[in-house]
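Structure first, then comments.
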Amino acid sequence: MPSPILSGLNPEQLEAVTLPHQSALILAGAGSGKTRVLTTRIAHLIQSGQVSPHGILAVTFTNKAAKEMAARLSAMLPINTRGMWIGTFHGLCNRLLRAHHAEAGLPAQFQIIDSQDQLAAIKRLLKGLNVDSEKYPPKQVQHFINGNKEAGIRAQQVEAHDTYGRRLTEFYAAYDDQCNREGVVDFAELLLRTHELLSRNQLLREHYQERFNHVLVDEFQDTNRLQYAWLKLLAGQRGAVFAVGDDDQSIYAFRGANTGNMREFERDFHLDKIIRLEQNYRSHGNILDAANALIKQNSGRLGKNLWTAEGAGEPIRVFQAATDQEEAAFIVEQVRALHGEGVALSDMALLYRSNAQSRILEHALFNAALSYRVYGGLRFFERQEIKHALAYLRLIASLHDDGAFLRVVNFPPRGIGGRTLEQLQAAAAAQQLSLWQAAAQRVLGGRPAASAAAFVELIEAMRAACAGLPLAEQIEHVLEASGLAAHYRASKAEADRLENLEELVNAAAAFVGEQGVEEEASPEQDVLATFLTHAALEAGEHQAASGSDALQLMTVHAAKGLEFHTVFMSGLEEGLFPHDNSLNEAEGREEERRLMYVAITRARRRLYLSFAQSRMLHGQVRYGIASRFLSELPAELLMPVGAAAAPYAPQPARSPGRGETRPGGAWNIGQNVVHPKFGAGVIVNCEGRGTDARVQVNFSQGGLKWLALEYAKLAPA
DNA sequence: ACTACGAGACTTTTT
DNA sequence: GTCTCGTAGT
């Protein structure tokens, strides 16, 4: 007698869901019901009595995915998912480290710092070591540290081959020391610490290995080395790892995702089961055919071909615009028409490769009075006013947090400037004290000591006043006592920041409301710590939902996992998409292609691909040719649209348009040329006439150069 | 100690 | 075009 939760699954989905206790890889194509399979399997395991909710570990990458999984699960089964171990890698690590902080060598109230805070900590560290930030850019040091942590390598284990590498390794070691002193943990550290804790502590390891009989992973293709090692460790010899992913949608290699994990998983776990979910429930045939044809050109795929029971549907529309403005105007016009036909604006997406492209599109939409919503940008807990407020709270919770100290010691301004801080930092370093201790012990003399002492008193007063208050009231008190609220009230230009601070109080109240149900007996101080963790681990929505029907604007990355009736993929030009910076290595080129694959498979019914021959980028006009991806799609699936409906490839040399000079009569923008010294290149700009005429050439070897035509020995190629 | 101006950068991003 | 960072000026 099949259970109702299994009804409606196709044979492959059913097989995946009802697999016995064994490790398995589910290759789930776009729109193949991946999340459904994952959640239904958990529900099925529990319902059939194979495991209790207690024995499940379900890991995702984003909080959104974790929440959705929990929500779907509680809709399927009458269970409370709150106590279950469903969460992000980082969230679950946090949970483990809080429970075993002593064994992990962490203070009970350790704070989590985000990448911004981490970068600030590194800058501070380098400054203290008198390091030339030209030679060792903080961003690069951060990259080095995180890269090593994600490979499971501590500073002591780094194999440095040159002076530069040895220096970076020193910084890595010093950074970890600094974090330990301050009681802060960065994102990568959460994972590495947990991994070390479990590898070192046999009792703990066996406890969790026994407990988590079933480990389920979402978006497995996005895991990095450390996350994979973490999974392997938790699963142990007898555990079953059920990994769901799609190698064709791996678009995060640039931030450490190891595409090799899928193959390694297959080998390490001796998989005899790889289930492919290839039936797509989202898109019409032409769209899937295009996606399949494109992705086939990548090498080293595990292999998969999407199909649909639906018809072919409409052809894919391709639009060639002369300028980015024209491209935007075309999109506006099409959006209007479709909206008129009854397609909701929110069911249409406007995608682009990089955020910089959104502005011109926004401009056109704004002028057309079409409502739109841009995803991306600053998130709630990343805003500076929120960071300031949280830093006061962090300092109250954990006085030795130098990062928090420095963020607020002079904000709002209270006469503690760079000079004073330098002295304070020197004194603290000399005596191995935190900045707080140094300030509290009045190591300074003169006027600076007085202002520092005043700050110490301020924080101590806040700490005392907050003790025992509900969280929201604590925050309200801090906002007033610190002068933050007054500071933002005083400036008209920053009224929105004040609003955000008020929103922070609301968020805290809501947070306590949600928490309160479960953990009724938790002491007040712990609520603050939990809230700070929440703020660090979950930066909040990118933008508050406007509620109204609005066109969705976002990068292709941000669109992963979403679907729309109509998708406009804009800016399909060489150099933009695929992006210049990714073209050097085959890996990068293939990732760009996967990105294009993700873009195409977002569309249910209609797909527009557009590009512009000229585009304003970085304040300069760039001339581009059609993206290679357009020629990689089967021509019979494409339909040129728009005023000209002209063929777009191969790119004909364009004669100069309005306002463009035509020096010497022989040189055109877009023309390929050869220079005796610089080699092959393409003309991207012209200027002046007669003997003054100059052309700008983008050389494949030498980069961008302005050349005076009178002297340069330029020849057509 | 704070503010203002200019030089240079600038793919994608979650935790 | 726009944001960030560092330095110079008040």
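Heavy-atom basis, side chains included; hydrogens, waters and symmetry copies ignored. Just so it is clear: chains get the letters A, B, ... in the order the sequence lines come, proteins before strands, and each one is counted from 1.
Between A/Arg379 and B/dT13, a side-chain N or O to OP1/OP2 separation shorter than 4.0 Å is absent. For B/dT15, neither phosphate oxygen OP1 nor OP2 lies less than 4.0 angstrom from any side-chain nitrogen or oxygen of A/Asn224. A close approach under 4.0 Å does not occur between any side-chain nitrogen or oxygen of A/Thr555 and OP1 or OP2 of B/dT11.
Looking at A/Ser115, its side chain comes within 3.5 Å of the base of B/dT15 through a donor and an acceptor atom.
Residue A/Lys123 is in sugar-phosphate contact alone, with no base atom involved, counting any heavy-atom pair closer than 4.0 Å across all strands shown. Heavy atoms of A/Asn410 sit under 4.0 angstrom from primed sugar atoms or phosphate atoms, though from no base atom. When heavy atoms are screened at a 4.0 angstrom cut-off, A/Asp580 is found touching no nucleic acid atom at all. In this structure, A/Asp186 reaches neither bases nor backbone, as no heavy-atom distance under 4.0 Å exists between it and the strands shown.
Between A/Leu390 and A/Ala535, the shortest heavy-atom contact is CD1-CB, 3.9 Å. Minimum heavy-atom separation, A/Gln118 to A/Gln142: OE1-NE2, 2.9 Å.
Here B/dT13 presents its C1' atom at 15 Å from CE of A/Met554, a figure rounded to the nearest Å. When the P atom of C/dC5 is taken as reference, atom NZ of A/Lys139 falls 7 Å away, rounded to whole Å. The distance between atom CZ of A/Arg593 and atom P of B/dT11, rounded to the nearest whole Å, is 21 Å. If you measure from atom OH of A/Tyr252 to atom C1' of B/dT15, you get 12 Å, rounded to the nearest angstrom. Atom CD of A/Glu591 and atom C1' of B/dT13 are 11 Å apart (whole Å). In this structure, A/Glu592 atom CD and B/dT13 atom P are separated by 12 Å, rounded to whole Å. Distance A/Leu617 CG to C/dC3 P: 15 Å, rounded to the nearest Å. Rounded to an integer number of Å, the gap from A/Ile113 CD1 to B/dT15 P is 17 Å.
Between the side-chain ring of A/Phe254 and the base of B/dT12, a stacking contact exists by the 5.5 Å and 30° definition. Stacking of A/His90 onto the six-membered ring of B/dT15 is not present when judged by under 5.5 angstrom between centres and under 30° between planes.
Both tests do not hold together for A/Arg394 against A/Phe405: distance to the six-membered ring centre under 6.0 Å, angle to the ring axis within 45°.
The distance from the CD atom of A/Glu182 to the CG atom of A/Asp401 is 6.0 Å, given to the nearest 0.5 Å.
Closest-nucleotide positions on DNA chain B for A/Ala536 and A/His579 were compared, and the one nearer the 5' end corresponds to A/His579. Between A/Asn63 and A/Leu421, the one whose closest nucleotide on DNA chain B sits nearer the 5' end is A/Leu421.
Contact annotation: the side chain of A/Asp218 never approaches that of A/Leu216 to less than 4.5 Å [non-hydrogen atoms, C-beta and beyond].
The side chain of A/His557 approaches B/dT12 more closely than any other nucleotide in the set C/dG1, B/dA1, B/dT12. In this structure, of B/dT14, B/dA1, B/dC2, it is B/dT14 that holds the atom nearest to the side chain of A/Arg255. Nearest to the side chain of A/Leu537, among B/dT11, C/dT2, B/dT15, sits B/dT15.
Between A/His388 and A/Phe411, the ring planes are parallel. Angles under 30° get that label, and only those over 60° would be called perpendicular.
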